[in-house]
Amino acid sequence: MQSDFAWPTLSFVALAVLSVAADRWRHHRRDVDRQAGRAGLIPWPLVTILALILAAVCAAMWIHD
């Protein structure tokens, strides 16, 4: 029987991978973009940390279930 915590766990892991890629892309932007005021609005490191914490909690519930 499939657990109810499988999809949230995989979704949070996918969000963490996406946020790491977005943060890497943000660090490779040119300085011209930063000087023009085109800064990112999303704090990607915070999103990564929260997604990994939530993925760990959902994985623990998935294993416990």
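Heavy-atom basis, side chains included; hydrogens, waters and symmetry copies ignored.
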Subject >> Val57 reachable from Trp62 in the ILVMFWY side-chain graph, under 4.5 Å edges >> reply: yes

**OP:** Could you state whether Leu46 and Trp44 fall into the same hydrophobic cluster, counting links through intermediate Ile, Leu, Val, Met, Phe, Trp or Tyr residues with side-chain heavy atoms under 4.5 angstrom apart?
**Re:** no

Original post:
How long is the span from the CD1 atom in Ile49 to the CG atom in Leu54, to the nearest 0.5 Å?
Top reply: 12.0 Å

Original post:
How long is the span from the CG atom in Leu15 to the CG atom in Leu50, to the nearest 0.5 Å?
Top reply: 9.5 Å

**OP:** Could you pull out the closest heavy-atom pair between Cys58 and Phe5, with the gap in Å?
**Re:** O-CB, 3.6 Å

Original post:
Tell me, which pairs form a side-chain hydrogen bond (donor to acceptor under 3.5 Å, both in side chains) where one or both residues lie in residues 8-18, sequence neighbours left out?
Top reply: none

